[in-house]
Each structure stands twice: as structure tokens, then as C-alpha cells.
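Computed from a predicted structure; not experimentally measured. Residue numbers run from 1 in the order of the sequence given.
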Amino acid sequence: SDKGGAYLLSFLPHTANTSRASPPRRAIGAKLDVATASMSKPSFQIILGSASTARRRILAEMGYEFRVMTADIDERSIRKDKPEELVMALAEAKADAIIARLLNTGQLQKDTDMTLLITADTVVVYKGVVREKPTSEDEAREFIKGYSGGHAAVVGSILVTNLTTGSRRVTWERAEVYFHEIPDEIIDSLIEEGITFKVAGGLMLEHPLTLPFVEAVVRLLIFPFSFLIGNTDTVMGLPSALTQQFIDEVLQPLKA
């Protein structure tokens with residue numbers, strides 16, 4: 001096989017059950033098992049810098065408690081040539097905006113525990129063109145019709161910042177999503193519901209109207225970067241394996 005990469009296919013059948021068993025809720029900074037709890041890591045708080053329902057659900061399913069802050073930045077003012085660069089730049093801009101607000105309001109000084117900030121961004125790439133949130137019904141309909149019977153790439157970033165030490169980890173992931181034919185009435189229902197205007201490319205994979213028409217999710221695994229291996233949380237907006245890895249890494253003491 002080509003040592004430069006391999007493909008992982010995750011097939012999502014029409015009857016797929018997308019519910020995942022939730023682990024016991026962690027107290028902020030607490031670990032779930034004795035072996036992990038025995039490690040001398042400090043307690044910490046988490047701020048999720050996103051209003052995304054999917055990201056909140058994934059982080060909660062990872063067992064963390066957290067508070068939510070939104071960046072309220074002009075995302076369209078930030079442009080990059082490559083989608084991978086764009087999503088990382090947007091995640092960093094969101095983090096910087098939230099940090100500035102925390103500093104201006106004195107909230108960081110009030111926090112006695114270590115605080116981690118998680119930000120992320122996602123775009124859809126269709127035929128080489130980056131698609132962000134649609135701005136009109138016509139654009140949303142054009143987006144979804146394009147996916148019908150075809151495929152699109154989802155590129156997502158994850159950034160974890162330790163606000164106490166300044167340590168920061170950022171990267172991106174990419175997945176190809178293949179679709180069955182999507183009926184016009186389903187497209188109309190998605191647009192009428194308004195959910196398409198809240199997500200990149202007008203595409204919410206886990207939506208009950210969308211999921212039955214997802215044929216497969218194909219993810220490129222790049223070696224030797226084994227940290228890119230994970231599940232389809234990439235297309236949901238928050239890769240859980242990478243998020244956990246980066247949380248662990250930014251909690252490590254800084255080297256002198």
C-alpha cells in the first residue's frame with residue numbers, strides 16, 4: 001500500500017443509530033478512571049468557543065462540563081488560499097477574540113483554576129470551491145442539490161489553548177461525504193426548517209432528514225501523523241480523539 005496515506009470508509013446505513021452512549025459526566029478537570037486520576041494533572045475549566053449544538057453534544061459525550069462563549073467575528077473577512085489554512089485561521093481568530101474579551105472583562109484574573117479554551121471551524125469544499133454558511137434560500141438549495149448523488153469534502157479544525165500557560169495545539173482533518181439522491185421535498189424541508197443557514201455548506205450530516213441519504217464517509221489517514229485517525233466527528237464539527245489529545249498535551253507542564 002502507499003505509505004503516504006490510506007483510506008478509511010465509514011458506511012452509514014439508512015437505519016443507522018447515531019446515538020452514542022454517554023460516559024459518566026466528569027467534574028471539570030476530573031478524570032474517569034483511577035489510573036488517569038492518579039496522574040498529577042491540575043484541575044481545569046473548559047470554555048467551548050462555539051454555539052454549535054453538535055460541538056456541545058460531542059464535548060458533553062466526552063464527559064466534560066464546560067461553559068460556552070461565542071467569538072462573534074466576521075468570518076468572511078478572513079480568507080486563505082487553502083481550506084485547511086482557512087479553518088485553522090478561523091479557529092485561531094475565534095480564540096483570539098474570546099481571549100481579548102476575557103482580558104477586557106477581567107474574567108481570566110478571577111479564575112483560580114487552569115482554563116482551557118476550545119475553538120473550531122468547519123467548511124465544506126465542493127468541486128474545489130469552499131462553501132461556508134449559505135446566505136439565501138436559493139444558495140442553500142443550490143448547495144444541497146449539488147451534494148445529491150455526489151460528494152463533498154468536509155474540512156474541520158480544532159484548536160485547544162491553555163489560557164493559563166499559553167500553550168496551544170491546532171490542526172485540521174478532512175473527510176469526503178458521499179450522498180444518495182436527495183429528494184426535492186427533503187431539500188425543501190431542510191430549508192424551511194432553517195438549519196441549512198447555520199452550518200457550513202448548508203450541510204448537517206447528523207440531521208434526521210439528511211442522515212438517511214448519506215452513503216458513506218471516507219477519511220484520509222495520513223502517516224506518520226497517526227493523531228489524524230479518528231471517527232466521523234470531523235463532519236460533526238469537533239473531532240473527539242484530537243480534542244482529547246490536545247487537552248492532554250496543553251495540560252502538560254511547559255518545558256524550561
Side-chain angles (χ1 to χ4, degrees), residues 4-5 7 47-52 54-55 58 69-102 116-136 139-140 142-144 146-147 150-163 166-177 196-205 217-225 227-230 232-243 245-247 249-250:
Y7 288 97
I47 299 172
L48 175 62
S50 173
S52 163
R55 292 187 182 116
I58 292 170
M69 290 185 68
T70 55
D72 301 324
I73 63 171
D74 180 8
E75 296 186 15
R76 292 182 180 270
S77 69
I78 300 173
R79 300 292 88 183
K80 296 291 181 181
D81 293 335
K82 297 180 180 180
E84 297 84 1
E85 295 175 349
L86 176 61
V87 293
M88 288 194 295
L90 287 168
E92 290 172 342
K94 292 175 182 179
D96 292 343
I98 291 172
I99 291 169
R101 192 188 317 163
L102 290 169
L116 308 185
L117 172 62
I118 299 173
T119 52
D121 195 78
T122 305
V123 297
V124 172
V125 181
Y126 180 73
K127 295 184 177 180
V129 178
V130 171
R131 288 180 166 179
E132 297 176 87
K133 298 171 185 176
T135 57
S136 68
E139 188 174 45
E142 177 189 352
F143 281 7
I144 303 174
Y147 308 140
H151 66 95
V154 178
V155 182
S157 63
I158 173 66
L159 168 64
V160 180
T161 304
N162 186 324
L163 300 183
S167 179
R168 176 174 281 194
R169 298 290 186 276
V170 62
T171 193
W172 57 271
E173 285 193 329
R174 183 184 182 108
E176 293 281 341
V177 184
T196 57
F197 304 105
K198 300 177 182 178
V199 290
L203 176 63
M204 180 175 279
L205 183 68
V217 176
V218 182
R219 302 192 54 251
L220 178 64
L221 309 183
I222 303 174
F223 299 106
F225 302 107
F227 60 80
L228 290 178
I229 300 174
T232 55
D233 284 343
T234 299
V235 294
M236 308 296 186
L238 191 71
S240 56
L242 271 176
T243 301
Q245 176 181 328
F246 285 176
I247 287 173
E249 288 181 1
V250 300

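Taken to the nearest 0.5 Å, the OG atom of S157 stands 7.0 Å off from the NZ atom of K94. Distance CD1/I158 to CG/L242: 7.5 Å, rounded to 0.5 Å. If you take CD1 on I58 and OG on S50, they are separated by 10.0 Å, rounding to the nearest 0.5 Å. A distance of 5.5 Å separates OG1 in T161 from CG in L117, rounded to the nearest 0.5 Å. Here R76 contributes atom CZ and K133 contributes atom NZ; the two are 9.5 Å apart, rounded to the nearest 0.5 Å. The distance from atom CG of L159 to atom CD1 of I118, rounded to the nearest 0.5 Å, is 9.5 Å.
Listed here is the closest heavy atom pair of I73 and A97: CG2-CB, 3.6 Å. Across all non-hydrogen atoms, the minimal contact from F197 to A140 is CE2-CB, 4.0 Å. Counting all heavy atoms, side chain and backbone alike, G156 lies closest to V87 at C-CG2, 4.1 Å. For the pair V124 and A200, the tightest heavy-atom approach, listed with the atom from each and the gap, is CG2-O, 3.3 Å. Here the closest heavy-atom approach between residue A89 and residue I78 is recorded as CB-CG2, 4.1 Å. Nearest heavy atoms, G201 versus P134: C-CD, 4.2 Å.
Partner V235 forms a side-chain contact (heavy atoms from CB on, under 4.5 Å) with one of V155, V177, L203 and no other, that one being V177.
In this structure, D121 does not pair ionically with K80, as no charged nitrogen and carboxylate oxygen lie closer than 4.0 Å. Look at R131 and E139 and you find no salt bridge, because none of the NZ, NE, NH1 or NH2 atoms lies under 4.0 Å from a carboxylate O. With respect to the salt-bridge test (charged N to carboxylate O, under 4.0 angstrom), the residues E132 and K198 do not qualify.
Around atom CG of D74, more than 12 heavy atoms belonging to other residues, nucleotides or ligands sit under 6.0 Å away.
Remark: Y126 engages Y147 in a ring pair (Phe, Tyr, Trp, His ring centres under 6.0 Å) (not counting sequence neighbours). Under the salt bridge (Lys or Arg N to Asp or Glu O under 4.0 Å) criterion, D72 pairs with R101, sequence neighbours left out.
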For L116 and I247, run side chain to side chain contact (heavy atoms under 4.5 Å, CB included): C-alpha distance rounded to whole Å, both residues' side-chain angles, the deciding distance at 0.1 Å, then the answer. CA-CA 8 Å; L116 308 185; I247 287 173; 3.8 Å; yes

Where do L86 and R79 land on the side chain to side chain contact (heavy atoms under 4.5 Å, CB included) test, with the steps shown first? CA-CA 6 Å; L86 176 61; R79 300 292 88 183; 4.2 Å; yes

Full working for side chain to side chain contact (heavy atoms under 4.5 Å, CB included) between R168 and E92: CA-CA 10 Å; R168 176 174 281 194; E92 290 172 342; 4.2 Å; yes

Would you please test L102 and M69 for side chain to side chain contact (heavy atoms under 4.5 Å, CB included) and show each step? CA-CA 10 Å; L102 290 169; M69 290 185 68; 3.6 Å; yes

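Between T119 and R55, the side chains place no donor N or O within less than 3.5 Å of an acceptor N or O (distance only, hydrogens not considered). T171 and R169 share no side-chain donor-acceptor pair at under 3.5 Å.
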